*Asks:* 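Here's a structure for you.
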Amino acid sequence: AGAADIKIGVLYPISGGGAIYGGPAMRGHDLAVEEINATGGVLGSKFVTVARDSKINPAAAAAAAKELITKEGVNVILGGLASSVGLAISEVARREEVIYIATIPKTIKLTTSKLHPYVFRTASNTDFEGDAMAQIVKKVNGKKLCDIQLDYAYGHDLGDGIAKALPKHAPGANIVMKLRPKLGATDFNAYITQIMGAGCETVVSGLWGNHFVNFAKQAAPFGFFKDHVYITGGEIASHEVASKLAGDYPDNVWSNTYELWYHSPTGAHKKFQARLAKKAGTNATAMWPVLAYNGVMLYKAAVEKAGSTDAAKVIKAMEGLTIDTPMGSLTVDAKSHQTNTGQFWGPMKKQSGEAYRRMEPVTFVPPPSK
Amino acid sequence: MLAIGVEAMSMLSNPTFLFYQFMNSISLGMNLFIIATGLTLILGVLRVINFAHGAFFMFGAYVCWSTVTFLGGAVGSFWLGVVAAAVVLGAMAFVIERGLLRYLYGREHLTQLLFTFAIVLIVGDVAKMIWGTDQYNVPYPHGLGGAVDFGFAKYPSYPLLLCVIGLVVAVGMWLALSKTRWGRIIRAATQDREMLAALGMNVPLVYTGVFVIGSALAGIGGALAAPRVAVSPGMDATIIIECFIIVIIGGLGSLWGSFLGALALGFVTMFGTVIFPDWELVLAYILMLGLLLWRPWGLFGHEEEEPH
Amino acid sequence: MAQLEVDNIRTAYGLSKVLFGVSLTVEPGEVVALVGRNGVGKTTTMRSIMGMAPPQEGSIRWIDRDITGIPVHHVAKLGIGYVPEDRRIFPELTVWENLDIGRRPPMDGGDGWSEEQVFELFPDLKDIQERKGGVLSGGQQQMLTIARSLMGNPKLLLLDEPSEGLAPIVVESLRDRIQMLKTGGLSIVLAEQNLDFVLFLSDRVHILEKGEVVYTGTPAELRDNPDVQTKYLTV
Amino acid sequence: METVLQTDQATKAFEGFVAINNVSIDLKKGEKHAIIGPNGAGKTTLFNLITGHLSLDSGSVSFEGKDITGTAPHRIVKLGLARSFQRINIYPRMTVFENVQVALIARDGRSFHLFTLGHSLNREESAELLELVGLSDEAEEMAGELAYGKQKQLELAISLASNPRVLLLDEPTAGMSPAETVEAIKLIEEITEARGLALLFTEHDMGVVFGISDRISVLHHGELIFSGPPDHVREDPEVRRVYLGQSHGAA
Amino acid sequence: MQTGYKTTFWISCAIVLLLLLVPTLGSKYLIDLTTEILIYALFALSLNVLIGYSGNISFGHAAYFAIGGYSCAILLTTYELPLIISMPAAIILSGLAAAFVGYFCVKLTDIYFAMLTLAFGMLVWAVAFKWRAVTGGDDGFVGVNVPAFIDNRYGFFYFTLFVVTVSAALLWLICHSAFGRTLVAVRENRVRAGFVGVNTTRLRHTAFVVAGTFAGIAGSLFAMYNRGVYVESAFWTESGQVLIMALLGGLYSFFGPALGAAVLYTLQVGINQYTEYWPVVLGIILLIILMFLPDGIIGLAQKLRSQFSRKA
Ligand SMILES: Nc1ncnc2c1ncn2[C@@H]1O[C@H](COP(=O)(O)OP(=O)(O)OP(=O)(O)O)[C@@H](O)[C@H]1O
Ligand SMILES: Nc1ncnc2c1ncn2[C@@H]1O[C@H](COP(=O)(O)OP(=O)(O)OP(=O)(O)O)[C@@H](O)[C@H]1O
Ligand SMILES: [Mg+2]
Ligand SMILES: [Mg+2]
């Protein structure tokens, strides 16, 4: 006792449509804080979480971030989901000189054009994702590709990421059609029939969450997945999508995820998984918690290394820092403030006797080395 | 990008692709119509723009999912889910109308509109309390997960069924409103509530009835949409704007107006995304703008009568 | 016991008090007239009876039943019809549909009014059956309103300024028709500015002034009482 | 005498139903001209055509020698032609005073003065107008709560506010008690006299019609079937047959 | 009546004076919160010219807020123009946009009007969304340059207070002008107003432009305050939000909407701190207000006051 609490401001969407992701993420966040406090906290202080709803609205998130800093006096801000929200929080962090660790936003801008000393990212980014997908195109020997991405920052950036990586990994592949349905689209028929008409044998995509579910359900009756290999980012291999689609999960899908409850690459993951399962009340847990969890753990390690919560010192400590996570070690690049977060990639296979699809085999794809 | 646009355009000369797009347009249109028709009814009679219609739609989808899951996906469970959605939403609407909304009829449009907005907030959160934030999947009803073979092309059977249902709803509603006395009473209620009461009609009952039927239609719309989309929070947000657009371009409260409006939106969306892929975001709004500039009161609407 | 018995009702709109104890009775087949300057409370009296402006005090009895404050449509179902002064047709419904909305079988069985009979009463309406109510001329609307309430086969008709806006020739025939209705047993409360019309039709006349009944008499008595006429009805 | 208002072969049909058929009427300076005719004859329609509320199918309207066919209603008012309505048409949720004041503001072309405080404008004149129509006591009441007759008086005040030279009144005394009718007529006569107004009006109260008009025109089925001095109207058998009936015809 | 104006004047002065003292309380958060509220208050006041005074419900008012915000941000940052040029230019641009859109909208009334404004508003949103090169698309326009004198919490607060006070005073004058009065008449009875010689279409158009212009002022303040503009600011839900603010405070009073903005914003921020179920709480509060306070908070205050004075 003695030392004051360390206040962690955290912002995830916990109301409205974004709550699908924000809810589970909060669970991972809480798990990390509980673990840290159970082992005596950091530098003799306990972590205290102050959570706010970021909605999916950057202005609201910015206002909440400011409130966390000026009223609650938090030492750090974690979270964000949508790219725009990440950038808005980042801007507040820059002005108020408080560290922000982006745990989910993937926009490349955060660690490139809009980079500043106070922002760090534990999430992957669109260039990593595009690179991995190009490798899979090579693996399935895709030649004629259709590229379908959502018409907003993440979709465009991922599309660019794929285009950049294709010549490197699969020079023989060619994108013959680019489709850009709007964010939030629910009826994909026009796109499904266009892809069918274009005659691609391979589809690359970043339709995430509900977008993928809707696409898959509407495409299946056309026999779409018999004729096409579907390679997709957007964490479609995650438990939340696979379990919910169950028997309706299409064949011939290659996808990614940050974490799989049934696959433990390290001993640390087994333990993490057990604790998370206890907290969630089920073995089959979502992918989002680990992202939030890692963010907290990174901050904890940096504070310990710095021996202080002073922002400047923590930043210094964080640059180049390596920590162990349930997914293996994680290193923060000193220049770009981006961690080398990798993802699991693989084909989704039907399991005998079960409707639920699992990734089989699971391959860990680390970010490309420069 | 340009070259790719041209390729999509050239596909329009392919008859199979055209057939697909045509069917896509109609099925989207009918799908939307089924949802929007309840909104039209409520707007026409109660003169209330029901923002909660989208939330009711979402609730209907959830109820359908719960029913299907509860029955372990047995044959016919989906159709029971549709009925359950209608019943639950009807009951909810009954409580809302009797308990709250009816005290606001005399007040301005804005008040009623904000009332329904409050209902959106509440219903949305209630759904979250019951079903959490997960997304759910309702499988296609038995025997409807495949496609119908037209010889030269196959088209999924479920959307085809929706087209048929849409048509049945349209004709049924039209008959009910124009050919029955109850229909006339409902139309009279849109115009002068007090006078209708003075002629011995139980107007509050008419209002409750209309609100219940309209909301049940929203629930049915949600249940029918469930097999094609992820059932999840936020599914109310886009649909409500699409419904508004349909109702407006059709002319407030006009049944055939919203029928045509829904079809127009279906065609504009489906062909628009192929021909002007960059404009998808606003196609619906552009349709509405264009139409209102051409016919300010919608396809079948007209300006309020001015005093003699 | 009278058919309708209005006993000392006081009615207000919000804070502004309008009726200060109005009483009147109507016997079956009787025409009772309410006259008086503008704003004295004739319409309000009718709206009170109808339940549209329930009185704060006093009571209204209708065939041995207290109907004070019951919902409007119950009042109508009990056999009271209302023809408001501002017409209130359903503008989006056709003339025929307007009539159809008003249709209600007589309480004591029998055939009741049909469209044909109503058109006989107002031949002008016959040719415009398919026209929307909203585009009718003022007078046509007035006829339609009366016709519509007849379709409900009321036992008592509250007629608020029925002659207003009607051509003299139509007023004449309306007067004769009302006379016929009366002979047929219909009771009527009539608010009217046209004194000739009132004197011709009514059995009793109440003069209202500032929310109170200040004079009651038969038409003959009123005719012979120029003092009262000057005091309450003319300048 | 000088003609101030004239319609020339005005025609208007609604979906094939001819409501006004080739009607040519005129109004002389200072004249009180009544338009009568059975219900649905087209009187209100004719007024709506003159004031620009409806557009003509064919024919023309001219005011003080200017062709005003197709001119927007608010322009026509500015030219000096005001009207009242058959149904009550006021601002129900404004005070009686404000009802009149706004009309005066419009007359003075100040409707678009964004930075002139409205409160103090035209106060005296508003009060005078209300005095004139006998509504001084109700000045601060909500217009919508006035009794019918008083609302009609207010209508008149609003119409007068634009300083018209021609006044079109659609059944100005309908719904008024005999007492108020007498007052209203007196009022209208005084005002038209004092301001030198020409008056075109419709009315079903024959007392009023024969009491004040200099000339009467009769519409029937959208056509002008008679136009002349009151005495002649009374004697015209056709007018008696279609409109006046026994009591008035005989008188 | 005239004395009524005087009371309003003195009360307003007192409020501004109190606001001037906010920074001395020593809470950064309070300064931020007050700044945000002031901006939203101006936004709500601008909307009320349309809704309260001219009776037209707009679902696209956020568009002008966003146009003001984007223009100001882009002129300041991309073109590096001084504030004295950027902000007036942004305000004029919002006004012009409103003039253009209004031209079409005022031809319609009521629900149609509302929906047309919604459509135009969403077009603005879509342009901001798609025109990535200029607006930053859905990533938002982040990192707005603001001049040094307002590049700190205190400076910006006083600047905002100044701009909002002057704007509110102008709006007050406009609403109580000959124009404002006529606007109310048009709201009450458009046809009748036409027949006393008012060009009702042009009048409503003017109101539309006034509302859009002042929304633009609020928007440019907001952009500078956040050092960023986001497409969500143009989304229809934002228009819905400001509508609720106006109604909450009371539409038929001049200051009601500003009060509503203060209350709703504080509530939202406040509830957000305690529960993820803030929408349901907000919904219930809204319901209570609608059912029991038909004329908003100001209406309630007036009722209480008149009851009080009757007793006295
Ligand atoms: N909705 C209302 N709110 C407030 N006061 C009203 C309302 N309706 C009528 N009044 C007032 O009530 C009084 C009586 O009105 P009422 O309409 O009953 O008179 P009336 O005798 O029918 O007059 P008229 O001959 O003009 O029709 C009037 O002073 C009027 O101002
Ligand atoms: N918009 C319209 N569409 C169709 N018919 C119309 C329309 N407006 C008026 N009419 C018809 O035109 C005829 C003339 O109507 P108008 O209102 O001019 O009559 P009026 O002479 O004023 O009668 P009243 O004395 O009853 O007021 C009527 O038969 C009416 O039904
Ligand atoms: Mg009356
Ligand atoms: Mg007429």
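So that the names make sense, note that chain A is the first sequence line, chain B the second, and so on, each numbered from 1. Note that the coordinates shown come from a computational prediction; the quantities given were computed from them, not determined experimentally.
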*Asks:* Give me the atom names and distance for the closest heavy-atom approach of A:Gly234 to A:Glu129.
*Replies:* N-OE2, 2.9 Å

*Asks:* Relative to chain A, which segment of E:Phe141 carries a heavy atom at a distance below 4.5 Å: side chain, backbone, both, or neither?
*Replies:* neither

*Asks:* Between E:Phe235 and chain A, which part of the residue has a heavy atom less than 4.5 Å away: side chain, backbone, both or neither?
*Replies:* neither

*Asks:* Determine the minimum heavy-atom distance between E:Gly212 and E:Ser94, stating which atoms define it.
*Replies:* O-CB, 3.7 Å

*Asks:* Does the side chain of A:Arg180 pick up a donor-acceptor pair with the side chain of A:Gln149 at under 3.5 Å?
*Replies:* no

*Asks:* Specify whether A:His211 and A:Trp208 have parallel, tilted or perpendicular ring planes, treating 30° as the upper limit for parallel and 60° as the lower limit for perpendicular.
*Replies:* perpendicular

*Asks:* For chain E, which of A:Asp151, A:Ile56, A:Val50 has the most heavy-atom pairs under 4.5 Å?
*Replies:*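 Most pairs with chain E among the choices: A:Asp151.
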
*Asks:* Less than 4.0 Å between a side-chain N and a carboxylate O, is that true for E:Arg227 and E:Asp151?
*Replies:* yes

*Asks:* Would you kindly say whether A:Glu235 and A:Tyr21 are connected by a side-chain donor-acceptor distance under 3.5 Å?
*Replies:* no

*Asks:* Counting only heavy atoms closer than 4.5 Å, note whether E:Asp138 contacts chain A via side chain, backbone, both or neither.
*Replies:* both

*Asks:* Output the residues of residues 61-89 of chain A for which the shortest heavy-atom distance to chain E is under 4.5 Å, in residue-number order; output 'none' if no such residue exists.
*Replies:* A:Ala62, A:Ala63, A:Lys66, A:Glu67, A:Thr70, A:Lys71, A:Ser83, A:Ser84, A:Leu87, A:Ala88

*Asks:* Taking all non-hydrogen atoms of both residues, which atom of E:Leu47 and which atom of E:Ser58 are closest, and how far apart?
*Replies:* CD1-CB, 4.2 Å

*Asks:* Which residues from residues 123-133 of chain E are near chain A, with near meaning under 4.5 Å between non-hydrogen atoms?
*Replies:*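 The list, in residue order, reads E:Phe129, E:Lys130, E:Arg132.
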
*Asks:* Sort out for me which of E:Gly143, E:Gly137, E:Gly140 touches chain A most, counting heavy-atom pairs under 4.5 Å.
*Replies:* E:Gly143

*Asks:* Just do the ring-ring contact (aromatic ring centres under 6.0 Å, His included) check on E:Tyr64 and E:Phe214 with the steps written out, would you?
*Replies:* CA-CA 9 Å; E:Tyr64 313 101; E:Phe214 282 87; over 10 Å; no

*Asks:* How many angstroms lie between CG in E:Asp139 and CG in A:Leu110, if you round to the nearest 0.5 Å?
*Replies:* 9.0 Å

*Asks:* With a 4.5 angstrom heavy-atom cut-off, which part of A:Lys55 approaches chain E: side chain, backbone, both or neither?
*Replies:* side chain

*Asks:* Answer yes or no: are there more than 12 heavy-atom neighbours, outside E:Phe162 itself, under 6.0 Å from its atom CZ?
*Replies:* no

*Asks:* Check the orientation of E:His61 and E:Phe43. Use parallel for under 30°, tilted for 30 to 60°, and perpendicular for over 60°.
*Replies:* parallel

*Asks:* Identify the heavy atoms of A:Tyr100 and A:Ala93 that sit nearest to each other, and give their distance.
*Replies:*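 Of all heavy-atom pairs spanning A:Tyr100 and A:Ala93, the closest is CB-CB, 3.6 Å.
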
